[in-house]
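Structure first, commentary second.
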Amino acid sequence: MQIIVTGTLLGGTYALIALGLTLQYGAARIMNLANGETLVAAGFVAFWLFTALGVNPLLGMVLIAPMALALNWLIYAWLLRPLVRRAKNRGMLEVDSILATFGLLFLFQGLMLLGFGGGYFSYKFLAEPFLILGEPYGLNRVVAFVAAVIVASLLYLFLYHTRQGTAVRAVAVDPASARLVAIDVARTAAFAFALGGALTACGGILLSTFYTFNASMGVIFTMKALIIVIMGGVGDVRGATLAALILGITETAVASLIDPGLTLAANYALFVLVLLFRPQGILGRASA
Amino acid sequence: MLEVSNLGVCYGRHTALQGVSLHVEKGEISVMLGANGAGKSSLLKAVAGIVPAEPGTEIRMNGRAISGLDAHLIVEQGIALVPEGRGVFGELTVEENLALGAFAKRARGSEKSTLGLVHELFPRLAERKRQQVRTMSGGEQQMVAIGRALMSRPDILMLDEPSLGLSPLLSKDLFKSLKRIAVSGFGILLVEQNAKLSLKIADRGYLIENGAITGEDTADNLRHNPAVINAYLGGHRGNA
């Protein structure tokens with residue numbers, strides 16, 4: 001029981017990170033390998049706001065998310081749009097964007113190493129026990145989970161109940177038809193990319209409230225997000241959420257029952273199993 | 001309303017259309033007849049802004065030059081295309097497809113009344129609001145495609161082979177609906193392989209061969225034109 005609760009709490013944050021990546025890949029068609037760096041950068045800013053100015057990380061989210069949105073918009077406009085323009089097909093854009101964001105990963109990582117050094121960082125935020133079914137859990141983890149649920153619900157409402165959100169989904173499923181209903185595909189893709197970055201930043205902030213992080217840790221989270229996105233089915237918001245919970249629970253189970261050093265191995269084992277048996281994603285349907 | 005003059009389209013070295021001129025008026029149906037590869041689809045795509053037109057092309061909508069505009073801006077000028085293969089959002093529901101149809105700024109104010117009109121034309125769409133479009137039959141998907149295009153409140157509705165893949169009975173229903181759409185004030189530019197049915201509902205027709213317009217007449221005259229009968233109506237006068 002403890003494993004399931006801890007895993008679910010962790011999975012909530014993972015879901016946000018993966019939703020960011022799935023928006024960027026599903027709608028903007030950019031496989032953003034620097035996604036984890038957005039997460040770590042957001043964690044650093046939250047750390048700095050909290051330790052230097054005493055700003056509550058949840059309040060910090062209101063500040064950092066728009067910044068991440070703007071930054072990712074600029075990255076898309078300057079770095080990725082030329083790639084989108086010259087790509088003759090989706091495959092070419094995928095290869096180009098993977099290479100470009102791979103480079104971006106090292107640029108951001110280098111900047112953060114320069115600014116913060118290679119040491120580990122953490123801060124104490126709501127580090128007190130909270131009882132669920134008689135068992136104590138870190139209050140910060142519970143709060144992070146609740147915040148993740150709220151942000152994810154807002155995203156769901158936006159995507160499924162607003163005109164702009166439906167337009168984002170239209171661009172994700174069929175960009176060629178989207179322009180026939182007066183959707184500016186280029187702008188919508190840029191917005192989806194920026195929004196994905198903001199979501200990942202929110203995930204990073206929440207993660208930083210209970211997790212010890214350092215400047216070069218982004219890659220691990222990019223990998224986790226990738227695994228979740230592929231497990232959930234590319235572009236599938238609901239599948240990604242479910243996959244994130246599964247990953248969170250599996251990690252926690254392996255860490256507490258076998259050995260904490262095996263969590264990454266467990267990630268990949270799960271990933272291989274999904275690829276072998278449900279390559280279209282857990283909720284996905286087989287393509288015709 | 002829609003005036004095209006001297007339209008040219010090239011794919012690399014291949015010339016698909018050359019010196020094409022035509023016009024479509026409000027409330028009237030114009031049909032474009034031609035063999036496969038004659039350039040019919042290229043014509044619609046060029047007007048919709050999906051393929052670039054050659055320099056020298058002039059396309060005007062309600063007096064405004066629109067050639068060279070991006071596809072999404074052309075919709076705002078009042079031209080909607082139902083592409084070959086329909087181009088519906090299969091993963092989305094009927095309701096969502098229709099709502100997206102009204103994404104154009106020109107359409108948002110009148111979304112409710114247009115939706116009423118679409119439901120009146122295709123009652124099936126009102127019954128199947130929440131169904132995912134990819135799970136529907138070909139005929140129903142065609143209704144979604146046309147309904148979605150109408151939701152943008154176009155002055156001109158362009159359709160590329162709408163009866164393709166539909167049974168003769170469904171095709172007949174479809175053409176009846178098109179006639180009703182024209183009667184409610186929309187202009188229609190239709191590209192069709194089914195010359196018989198389309199000439200029945202059309203007001204005027206154009207003949208297109210090897211990328212150029214070779215004839216223009218009223219639908220009635222075209223139906224009795226021996227060349228048209230030979231080429232598109234099966235060669236027997238009695239069938240027309």
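Chain identifiers are assigned alphabetically (A, B, ...) following the order of the sequence lines, protein sequences preceding nucleic acid strands; residue numbering begins at 1 within each chain.
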Does any part of the side chain of [Y], heavy atoms only, come nearer than 4.5 Å to the side chain of [X], both counted from C-beta?
| X | Y | result |
| --- | --- | --- |
| B/Ser152 | A/Val181 | no |
| A/Arg169 | B/Leu92 | yes |
| B/Arg86 | A/Ser177 | no |
| A/Val173 | B/Glu91 | yes |

In terms of heavy-atom contacts, does [atom1] of [X] have more than 12 from other residues, nucleotides or ligands at under 6.0 Å?
| X | atom1 | answer |
| --- | --- | --- |
| B/Asn36 | CG | no |
| A/Phe102 | CZ | no |
| A/Arg90 | CZ | yes |
| B/Gln193 | CD | yes |
| B/Tyr11 | OH | yes |

| query | If you check every heavy atom in residues 105-126 of chain B against those of chain A, which residues fall under 4.5 Å? | reply |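 Answer by number: B/Arg108, B/Glu111.
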| Quick one: NE2 on B/His72 to CG on A/Asp184, what's the gap to the nearest 0.5 Å? |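 B/His72 NE2 to A/Asp184 CG: 3.5 Å, rounded to 0.5 Å.
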| field | chain A contact via B/Val82 - side chain, backbone, both or neither, heavy atoms under 4.5 Å | value |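 Looking at B/Val82, nothing touches chain A.
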Minimum heavy-atom separation for [X] and [Y], please, with both atom names.
| X | Y | result |
| --- | --- | --- |
| A/Arg163 | B/Ala99 | NH1-O, 3.6 Å |
| A/Ala182 | B/Phe103 | O-CD2, 3.5 Å |
| B/Pro83 | A/Leu180 | CG-CD1, 3.6 Å |

| For the candidates B/Ile79, B/Ile50, B/Leu73, B/Ile74, which exhibits the highest count of non-hydrogen atom pairs separated by less than 4.5 Å from chain A? |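 The candidate making the most pairs under 4.5 Å is B/Ile50.
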